[in-house]
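Take a look at the structure set out below.
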Amino acid sequence: MNLYTTLQRLCAVPSVSGREEKIRAVLRERIEPLADEVRTDNLGNLIAVKKGSGVGKTVMLCAHMDEIGFLVTFLEDSGMIRIAPVGGIHFTATAFGSVISEKGVRGVLVPNAKTKAADYKADNFYIDIGAKNRKEAERKVAVGDFFVAEGGVRRLAGKRITGRPLDDRIGCAVLLAIAEELKAERLAGDVYYVFSVQEEVGCRGALPAAFGIQPDYSLCFDVTATGDTPDASVMACELGGGAAVKIKDSSVICHEEVVTRLCNLAEEKKIRYQREILTAGGTDTSSMQLAGGGSRAGALSIPCRYIHSGVETCDLGDAEACVALAAAFVKEL
Ligand SMILES: [Zn+2]
């Protein structure tokens, strides 16, 4: 599987938290030939399983398929559309950008004319769809409609790519590549590939998914921050440094056995890796750790610069390292 081509396809589909139907359909088509069974649960999580011989441990691999966006709250007489954020919107990074609604209506997200950058927040922003007045706007947009910043991915130097929403379509692409790598393997335990909903609003989808699966081990695939840009907070994680083995983020302390296994395997198989401690931000890892009777949870993160902006930047080499390391982890179990 070509990760870049897969990402081009996945990033072109808008799927804000709570409205993941479109991306789920694309992912379902991709995962079906790589799994024994595929289903969608009540919350909307896409759950695929590759059956083992029934004697091994159950593993859950998870990446979230939702993305941050906006929700229409009010239509002004002028035709301008007021919004509320869905997930951790970074308004400075999203200002003056193109947005698209779930119905395909295009607009631009802009701040009120006199708003200073320091005061950027949802209340001071609106979407201009080009409507002359409320009546015209109402023909295209209703209160409760979801918008996202327009997606897409482009190549930079070497293996670097930029665009959105690499958070977390790159995790979804990694999951598909792992499934492809494990397809012909005869495994002892069941492997679940879960594309979760509503991570960006509080790691919600992965919780009931893990509760239903009751995995022994779980691994999350999501982006993480880096410390390698001018003036960035100190962090021992960089683009191109390999798969980031999570030790801790604000929502989880990863299981020691999982961390040790991943690091040892990376050394043994000569897969590039780095240790990750994310001081601000959580992932589905915590939901999988705590669901039901709990699981031995860890994460392989893909380092990403400028998270939640329109120019999220990753290195495909790091994603490839995550695929290789996760496949080795599952085979060893
Ligand atoms: Zn994410």
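- Glu20 places no side-chain N or O within 3.5 Å of a backbone atom of Asp66 that could act as its donor or acceptor partner.
- No donor-acceptor distance shorter than 3.5 angstrom exists from the side chain of Asn124 to the backbone of Thr115, with no hydrogens or angles considered.
- Taking NE2 of His308 as the start and CZ of Arg164 as the end, the distance is 8.5 Å to the nearest 0.5 Å.
- In terms of heavy atoms, Pro303 sits closest to Leu239 at O-CD1, 3.5 Å.
- Panel note: side chain Lys246, backbone Ile277; no donor-acceptor pair is recorded below 3.5 Å.
- Taking all atoms of both residues into account, the shortest heavy-atom contact from Ile81 to Ile129 is CD1-CG2, 3.7 Å.
- We find the OG1-CD distance between Thr226 and Glu276 to be 11.0 Å, quoted to the nearest 0.5 Å.
- At least one side-chain heavy atom of Lys331 sits less than 4.5 Å from a side-chain heavy atom of Glu181.
- With hydrophobic clusters built from ILVMFWY side chains whose heavy atoms lie under 4.5 angstrom apart, Leu300 shares a cluster with Ile178.
- Asp123 is linked by a salt bridge (Lys or Arg N to Asp or Glu O under 4.0 Å) to nothing, counting only residues two or more places apart in sequence or in another chain.
- A donor-acceptor pair under 3.5 Å is absent between the side-chain atoms of Glu200 and the main chain of Glu67, judged by distance alone.
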Carefully, step by step, assess Phe70 and Val148 under the rule side chain to side chain contact (heavy atoms under 4.5 Å, CB included).
CA-CA 6 Å; Phe70 313 91; Val148 295; 5.8 Å; no
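- Across every non-hydrogen atom of Ser17 and Val86, the tightest pair is CB-CG1, 3.9 Å.
- Taking 4.5 Å as the limit, some side-chain heavy atom of Phe195 sits within range of a side-chain heavy atom of Ile31.
- In terms of heavy atoms, Ala173 sits closest to Leu10 at N-CD1, 3.9 Å.
- The cationic group of Arg155 lies under 6.0 Å from the six-membered ring centre of Tyr4 and within 45° of the ring axis, placing it in a cation-pi geometry.
- Two residues are said to be in side-chain contact when any heavy atoms from C-beta on lie closer than 4.5 Å; Tyr126 and Ile83 fail this criterion.
- One distance of note links OG of Ser301 with CG of Asp249; it measures 7.5 Å at 0.5 Å rounding.
- What you find for Asp190 and Gly52 is that their closest heavy atoms are OD1-N, 2.8 Å.
- In this structure a side-chain-to-backbone donor-acceptor pair under 3.5 Å is present from Thr6 to Asn2.
- At least one donor-acceptor pair under 3.5 Å links the side chain of Gln214 to the backbone N or O of Phe211.
- Atoms CZ and CE, from Arg28 and Met65 in turn, are 10.5 Å apart once rounded to the nearest 0.5 Å.
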**Message:** Apply side chain to side chain contact (heavy atoms under 4.5 Å, CB included) to residues Thr73 and Val143 and explain how you reach the verdict.
**Reply:** CA-CA 5 Å; Thr73 56; Val143 167; 5.7 Å; no
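- Residue Arg305 forms a salt bridge (Lys or Arg N to Asp or Glu O under 4.0 Å) with just one option from Asp228, Asp315, Asp167, and that option is Asp228.
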Handout entry: side chain to side chain contact (heavy atoms under 4.5 Å, CB included) evaluation trace for Cys322 with Ile302
Key = CA-CA 7 Å; Cys322 287; Ile302 305 102; 4.0 Å; yes
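- Asp77 has a carboxylate O that lies under 4.0 Å from a charged side-chain N of Arg134, or vice versa, which qualifies the two as a salt bridge.
- A donor-acceptor contact shorter than 3.5 Å links the side chain of Asp41 to the backbone of Leu43.
- Ring-centre distance between Phe125 and Tyr120: below the 6.0 Å cut-off.
- Between atom CZ of residue Arg261 and atom CG of residue Leu219 there is a gap of 11.0 Å, rounded to the nearest 0.5 Å.
- Without hydrogens or angle criteria, Asn133 side chain to Glu136 main chain gives a donor-acceptor distance under 3.5 Å.
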Going through the checks in order, is the side chain to side chain contact (heavy atoms under 4.5 Å, CB included) test met by Leu278 and Met235? CA-CA 8 Å; Leu278 182 67; Met235 184 175 176; 4.0 Å; yes
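- In this structure a side-chain-to-backbone donor-acceptor pair under 3.5 Å is present from Gln274 to Gly242.
- In this structure a side-chain-to-backbone donor-acceptor pair under 3.5 Å is present from Asp216 to Thr58.
- The shortest side-chain heavy-atom distance between Glu312 and Val223 does not fall under the 4.5 Å cut-off.
- For the pair Thr224/Cys237, a side-chain contact is recorded, criterion being any heavy-atom separation below 4.5 Å from C-beta on.
- Among all heavy-atom pairs drawn from Ile271 and Ala321, the shortest one is CG2-O, 3.6 Å.
- A side-chain donor from one of Ser196 and Asp284 sits under 3.5 Å from a side-chain acceptor of the other.
- The CD atom of Glu102 sits 9.0 Å away from the CG atom of Leu71 when rounded to the nearest 0.5 Å.
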